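The block underneath contains the structure these notes are about, expressed in structure tokens.
What you are looking at is a predicted structure, and each value in this text was computed from that prediction instead of being measured.
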Amino acid sequence: MDATNLIQSFRIDGKVAVVTGAGSGIGRACALALAGAGATVVCADVDATGANRTAAAIIEAGGSSSGERIDVSHRDEVEVLATRVAAELGSVDVWCNIAGIMVEGPVLDAPEEDFDRIIAINLKGVFFGCQAAGRVMTAQPGGGSIVNASSAAADAPSPNIACYAICKAGVVQLTKSMATEVGKHNVRVNAVAPGFVLTAMTGRYFVRPDGTVDEAMRNAVVEPMRKHTPLRAIGEPEDIAASVLFLASDAARFMTGQVLRPNGGVAMV
Ligand SMILES: NC(=O)c1ccc[n+]([C@@H]2O[C@H](COP(=O)([O-])OP(=O)(O)OC[C@H]3O[C@@H](n4cnc5c(N)ncnc54)[C@H](O)[C@@H]3O)[C@@H](O)[C@H]2O)c1
């Protein structure tokens, strides 16, 4: 590959991408990045308003997109979406499993319902996405790229997020296991494990119901994170989207079963 082709390989012009969790935060940034790099992006989220808002932003910027309401914990909905996108748009080249939730609390007190809920969305939801996308991708000539959202929580244990960390560690093992099975069909499966990123998920500690920010609480949450991170920074959604775009593109054509860690250095594995 010469230098011009190498640079071009970071673009994904003409590809069809599905991003779950595209209505907010990291998923939204991924959808915008993939569209900016040339893909038609299906923005999927249980929050239809958020999904449509992201799709509208892509179209406003000159890209091609649509919003879809989907609950990733419902296998049939995920299957239908993958099959329909392939039929209507011709292929599913990129599938990003970004949708997720947080459930907090110590192991000793964790209610079974909380555990079931987070497993259903953060682990089974990713599993269903991998299955649905993998079935389409292994049957199409060009193969495809699947990118899953893990977390630094899978690398560095900390109190009160065990259920979340279990899911994110499971996503890593799913990513590696599936990569061994589908590589022969030119389907790549990789993951990103972000560090602390300011989004609705993390902002709930200091964003009031009316949308205003409790600055004292914000500093109390964010400053220790920042100081604890080797780069003395917290992440922005685009920092994660950059890794996702790379893994989605042909620039990563020799990578599968890998975990990229845009985390400011907070965990080095
Ligand atoms: N923000 C961080 O610091 C951080 C760090 C590491 C990993 N992550 C992971 O990145 C991903 C995105 O997180 P974020 O911070 O952007 O959160 P976010 O809350 O801003 O976005 C999550 C999105 O997922 C959607 N979603 C939730 N349940 C769903 C379901 N059942 N079906 C479909 N969509 C659903 C939500 O509606 C929302 O739009 C998550 O998997 C999260 O665990 C986040």
Just wondering, more than 12 heavy atoms not from [X] lying within 6.0 Å of its [atom1]?
X	atom1	result
Glu215	CD	yes
Phe127	CZ	no
Arg226	CZ	yes
Met102	CE	yes
Arg253	CZ	no

>> Looking at every heavy atom in both Val136 and Ala86, which two are closest together, and how far apart are they?
In response: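 Smallest heavy-atom distance, with atoms named: CG1-CB, 3.8 Å.
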>> Going by the rule side-chain hydrogen bond (donor to acceptor under 3.5 Å, both in side chains), which residues pair with Asp71 if we only count those two or more places apart in sequence or in a different chain?
In response: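 Applying side-chain hydrogen bond (donor to acceptor under 3.5 Å, both in side chains) to Asp71 gives Ser73.
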Using 0.5 Å steps for rounding, measure from the [atom1] atom of [X] to the [atom2] atom of [Y].
X	Y	atom1	atom2	result
Asp76	Phe128	CG	CZ	9.0 Å
Gln131	Glu79	CD	CD	6.5 Å
Asn186	Thr138	CG	OG1	11.5 Å
Met225	Leu198	CE	CG	10.0 Å
Cys167	Leu174	SG	CG	12.0 Å
Leu245	Arg11	CG	CZ	9.0 Å

I'd like to know if the side chain of [X] and the backbone of [Y] have a donor-acceptor N/O pair within less than 3.5 Å.
X	Y	value
Asn190	Val259	no
Thr20	Ala99	yes
Ser151	Lys168	no

Is there a side-chain contact between [X] and [Y], using heavy atoms and a 4.5 Å cut-off?
X	Y	answer
Ile58	Cys43	yes
Ile234	Thr229	no
Val16	Glu88	no
Ile146	Asn97	yes
Thr199	Ile26	yes
Val222	Phe206	yes

> What do the steps show when you test Phe246 against Val192 for side-chain contact (heavy atoms from CB on, under 4.5 Å), and what is the final call?
Replying inline: CA-CA 11 Å; Phe246 166 61; Val192 289; over 6 Å; no
> Going through the distances and angles, do Lys15 and Asp250 end up as a side-chain contact (heavy atoms from CB on, under 4.5 Å)?
Replying inline: CA-CA 11 Å; Lys15 305 252 187 199; Asp250 287 346; 3.9 Å; yes
> Do the charged groups of Arg208 and Asp210 touch, with an N to O distance under 4.0 Å?
Replying inline: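 Result for this pair is no, no salt bridge flagged.
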